[in-house]
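Working notes, structure below.
All chains are named by letter (A, B, ...) in the order of the sequence lines, taking the proteins before the strands, and each is independently numbered beginning at 1. Owing to the predicted nature of the structure, the values given are computational and were not obtained by experimental measurement.
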There are 2 protein chains.
Amino acid sequence: MAVTIKDVAKEARVHMSTVSRAFSMPHRLRPETRTRVLEAARRLGYRPSRVARALTTGRTHNIGFIVADIANPFFPPMIKAAEHAARARDYHLFIADASEDPAIETELVDALAKQVDGVVLCGPRIANAKIERLSENIPIALVNRKISGIPSVTMDVVHGAETAIAHLLELGHRKLAYVSGPRQSWTNGQISRTVTAASEGRASVTVLGPNTPNENAGLAVAEQIADSGVTAVLAYNDLLAIGLMEGLHNLGVDVPGDVSVIGVDDTVLARLARPRLTTIVVPTADAGTAAVDLLLQYTAGDDELAARTAGQVSLPTQLVVRDSTAPPPGAASA
Amino acid sequence: MAVTIKDVAKEARVHMSTVSRAFSMPHRLRPETRTRVLEAARRLGYRPSRVARALTTGRTHNIGFIVADIANPFFPPMIKAAEHAARARDYHLFIADASEDPAIETELVDALAKQVDGVVLCGPRIANAKIERLSENIPIALVNRKISGIPSVTMDVVHGAETAIAHLLELGHRKLAYVSGPRQSWTNGQISRTVTAASEGRASVTVLGPNTPNENAGLAVAEQIADSGVTAVLAYNDLLAIGLMEGLHNLGVDVPGDVSVIGVDDTVLARLARPRLTTIVVPTADAGTAAVDLLLQYTAGDDELAARTAGQVSLPTQLVVRDSTAPPPGAASA
DNA sequence: GACCGCCTTGCAATCGTTTGCGTAATTTTA
DNA sequence: TAAAATTACGCAAACGATTGCAAGGCGGTC
């Protein structure tokens with residue numbers, strides 16, 4: 001079949017172990033032998049078998065990357081960044097799509113566990129307790145979830161949501177709604193709590209959901225929004241926000257004239273939608289990179305518990321005001 | 001470390017080989033022993049090591065999936081479908097992003113070759129000759145490229161482009177432009193040739209490009225379009241089309257009033273853009289599924305060349321007319 | 001009751017690396 | 001210049017599975 005270490009050994013007239021060392025510990029070889037081996041390897045087009053290597057070393061140099069839904073434009077930039085970061089460190093990424101289903105997600109971790117050095121869970125829908133249990137078998141890093149003892153990178157949506165609410169209050173809105181996302185989403189909890197807290201005593205908040213975070217769900221809640229009399233809504237993500245805008249449009253409700261809408265994520269869609277969506281920009285790509293960095297650094301710990309310090313990174317977010325927010329109808333213009 | 005086949009053997013009081021057979025050839029075991037082994041395995045939480053298995057069998061049960069740019073919304077649905085299809089057959093997907101660079105793409109194939117059973121090249125930017133050479137070392141399946149002897153799934157963009165041109169001609173356009181994509185893209189060649197052929201003797205065609213297939217590039221060609229006097233343009237993909245619309249808008253050129261625009265792919269963006277983009281819908285998800293099916297079926301061939309029949313699938317495309325196309329300025333209304 | 005054949009299971013080699021250990025070769029030290 | 005220390009490299013045992021071969025048990029046939 002392919003050329004193995006044995007072939008190279010024969011070609012270079014040395015033992016296989018010497019070939020192995022020529023790659024892994026070049027300084028332990030006499031320069032002359034080293035170049036002879038390397039040269040032979042080059043001539044034969046030798047590439048070490050990662051599989052065989054993994055078997056002895058116990059490290060596969062692979063990372064599992066599990067996302068809730070690849071088709072959600074929130075994820076691709078994150079995957080892209082993670083993939084590049086991983087490759088830069090000679091790692092490869094297994095991608096898996098959990099379809100927003102905790103059971104599938106768990107099963108994926110188990111299935112992948114045997115052939116990766118660690119798993120990144122992006123926007124996990126699994127319960128904390130279960131994640132902790134899984135992380136006893138395989139190193140796990142989290143994106144958009146915080147669990148003590150487990151490395152994680154989160155986006156500071158609290159700050160983003162506070163800014164968003166402040167923006168709405170300043171425009172004069174007093175009846176707000178939060179179109180919530182999946183119940184199991186940590187981010188959703190964060191935003192939801194922040195919305196209520198930040199409006200306390202200054203505006204009423206209706207919570208609608210939980211919803212699957214896609215356009216159809218957004219479209220579906222439009223009617224409730226229209227009937228509720230709220231003048232501004234924050235949605236769990238851009239997809240819901242955009243679906244909602246579409247739905248409101250269909251019902252003859254003007255955005256932002258009658259109702260203001262704010263999304264979260266700042267996906268490409270936000271800039272493209274008309275009216276262009278006011279949204280909270282989150283550093284997706286940075287999160288992807290940070291997650292693999294954290295995971296790799298976590299798994300590098302040799303002394304089991306000792307070196308395994310679980311880093312926790314929080315990334316800043318920021319409100320970007322576009323055309324989907326305006327003062328409520330009948331308000332004195334701002 | 002983890003529980004191995006040996007642990008299970010001990011627990012079930014049989015030899016390792018029996019444990020192995022309990023999974024791979026259950027009918028060769030006495031029912032009694034089989035259940036005893038399976039029960040022991042369950043009790044211990046045994047999961048066979050894919051790595052070790054790969055070493056002996058030579059099959060990793062992994063597939064490499066290389067795309068030109070994950071962030072291009074054309075790909076995620078394809079990746080998602082491919083991932084699900086693969087999983088249904090107990091395979092996992094390595095995703096890699098070639099960043100539109102042939103050199104990186106080649107390097108990725110080489111790097112992945114050692115740990116996958118085959119690779120899917122989506123919208124490859126590598127030259128045919130090189131692909132043929134690579135496919136001698138590792139089974140390859142193609143999406144959006146046709147090479148005889150290599151399994152491939154292509155989208156019938158010729159038909160789509162013909163329909164698009166027919167649509168424009170019928171609206172009364174006589175000065176057309178094609179905003180081309182990457183030179184190395186097979187699809188780009190197909191469309192380009194079709195546009196010229198289909199307009200032959202009925203309209204003039206200006207070709208602008210090649211361009212990197214993203215919004216910025218589209219934005220950049222807007223000026224040339226505005227100056228050229230063309231009344232309708234077909235773009236290599238939605239991204240270019242949308243960037244172009246944005247650019248034209250900035251220049252005060254009305255779409256579709258002054259210039260009609262047609263994209264390709266029907267990504268989410270097409271429905272969201274304003275005006276909503278007329279585009280050629282291509283079955284991305286189907287392509288993803290078909291590609292892994294083809295690849296797997298190709299690699300299953302035991303008799304080397306004999307069973308290795310390279311399937312070639314062509315998927316239908318279709319024009320969807322939205323709001324970005326209209327009769328040229330000054331034409332009698334349609 | 002000896003022989004044959006099938007069914008079930010154990011044995012051991014193998015896949016392609018890595019790595020601890022040992023030894024030959026070389027250099028340093030006294 | 002002999003002994004000690006170091007260096008360069010070979011040997012062989014892992015890693016965790018799969019699989020061809022063989023052996024033992026059993027029932028059936030003549």
Side-chain angles (χ1 to χ4, degrees), chain A residues 1-41 44-62 90 111 113-117 137-138 302, chain B residues 1-38 40-41 44-62 90 111-117 137-138 302:
Chain A
M1 187 141 73
V3 28
T4 82
I5 204 173
K6 218 175 275 183
D7 303 320
V8 179
K10 193 171 300 175
E11 173 86 6
R13 321 195 117 270
V14 295
H15 192 263
M16 334 174 318
S17 54
T18 305
V19 178
S20 173
R21 279 188 270 258
F23 289 97
S24 52
M25 16 177 60
H27 57 285
R28 313 261 290 100
L29 259 50
R30 200 183 344 153
E32 173 190 312
T33 359
R34 188 197 319 148
T35 55
R36 180 153 45 98
V37 170
L38 260 25
E39 176 57 25
L44 268 45
Y46 168 72
R47 287 250 184 175
S49 156
R50 285 178 165 260
V51 172
R53 189 201 299 256
L55 192 56
T56 45
T57 62
R59 317 210 80 217
T60 61
H61 267 237
N62 291 149
D90 196 26
K114 270 295 190 323
Q115 48 183 345
V116 299
D117 296 340
N137 293 322
I138 174 99
D302 306 283
Chain B
M1 187 136 77
V3 27
T4 82
I5 205 174
K6 217 173 276 183
D7 303 322
V8 180
K10 192 169 300 174
E11 173 86 5
R13 322 196 119 268
V14 296
H15 194 261
M16 337 173 318
S17 55
T18 306
V19 178
S20 173
R21 280 189 270 259
F23 289 96
S24 52
M25 16 178 59
H27 57 284
R28 312 262 285 99
L29 259 50
R30 196 177 356 145
E32 176 190 309
T33 358
R34 188 197 318 147
T35 57
R36 181 154 44 95
V37 170
L38 261 25
L44 267 43
Y46 169 72
R47 287 249 185 177
S49 155
R50 286 181 166 255
V51 172
R53 190 199 301 252
L55 192 56
T56 44
T57 62
R59 316 209 80 218
T60 60
H61 266 238
N62 291 147
D90 196 26
L112 248 28
K114 270 295 189 327
Q115 49 183 348
V116 299
D117 295 341
N137 293 322
I138 175 98
D302 305 285

At 4.0 Å (heavy atoms only), tell me whether [X] reaches a base, stays on the sugar-phosphate, or touches nothing.
{"X": "F23(B)", "answer": "nothing"}
{"X": "T33(A)", "answer": "sugar-phosphate"}
{"X": "V51(B)", "answer": "nothing"}
{"X": "V19(B)", "answer": "nothing"}

Counting just side-chain N and O atoms, does [X] come under 4.0 Å of either OP1 or OP2 of [N]?
{"X": "R30(B)", "N": "dT9(C)", "result": "yes"}
{"X": "R53(A)", "N": "dT18(C)", "result": "yes"}
{"X": "H15(B)", "N": "dC11(C)", "result": "yes"}
{"X": "S49(A)", "N": "dT17(C)", "result": "no"}
{"X": "T18(B)", "N": "dG10(C)", "result": "yes"}

Please give, in whole Å, the distance from [N] [atom2] to [X] [atom1]?
{"X": "I5(A)", "N": "dG10(D)", "atom1": "CD1", "atom2": "C1'", "answer": "13 Å"}
{"X": "H61(A)", "N": "dT18(C)", "atom1": "NE2", "atom2": "P", "answer": "11 Å"}
{"X": "K114(B)", "N": "dG16(C)", "atom1": "NZ", "atom2": "P", "answer": "10 Å"}
{"X": "H27(B)", "N": "dT8(C)", "atom1": "NE2", "atom2": "P", "answer": "10 Å"}
{"X": "R13(A)", "N": "dC9(D)", "atom1": "CZ", "atom2": "P", "answer": "15 Å"}
{"X": "L55(B)", "N": "dT19(D)", "atom1": "CG", "atom2": "P", "answer": "12 Å"}
{"X": "L29(A)", "N": "dT19(C)", "atom1": "CG", "atom2": "C1'", "answer": "14 Å"}
{"X": "R28(B)", "N": "dT18(D)", "atom1": "CZ", "atom2": "P", "answer": "15 Å"}

Do you know which two heavy atoms are closest between T60(A) and V51(B), and how far apart they sit? CG2-CG2, 4.2 Å
Go through the N and O atoms of the side chain of [X] and the base of [N], and report whether any donor-acceptor pair is under 3.5 Å.
{"X": "T57(A)", "N": "dC15(D)", "answer": "no"}
{"X": "R21(B)", "N": "dG10(C)", "answer": "yes"}
{"X": "S17(A)", "N": "dC11(D)", "answer": "yes"}

Inter-residue atom distance [X].[atom1] - [Y].[atom2], 0.5 Å rounding:
{"X": "H15(A)", "Y": "I5(A)", "atom1": "NE2", "atom2": "CD1", "answer": "9.5 Å"}
{"X": "L55(B)", "Y": "T56(A)", "atom1": "CG", "atom2": "OG1", "answer": "9.5 Å"}
{"X": "T33(A)", "Y": "R13(A)", "atom1": "OG1", "atom2": "CZ", "answer": "14.0 Å"}
{"X": "R28(A)", "Y": "R34(A)", "atom1": "CZ", "atom2": "CZ", "answer": "12.0 Å"}

Residue closer to the 5' end of DNA chain D, A52(B) versus M25(B) (nearest nucleotide):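 Going by which nucleotide is closer to the 5' end, it is A52(B).
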Start at the 5' end of DNA chain D and walk down; is the nucleotide closest to M16(A) or to R34(A) reached first? R34(A)
Closest nucleotide among dA12(D), dA17(D), dA8(D) to the T56(B) side chain: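 Ranking dA12(D), dA17(D), dA8(D) by closest atom to the T56(B) side chain puts dA17(D) first.
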Crowded around K10(A) NZ? As in, over 12 foreign heavy atoms under 6.0 Å? no
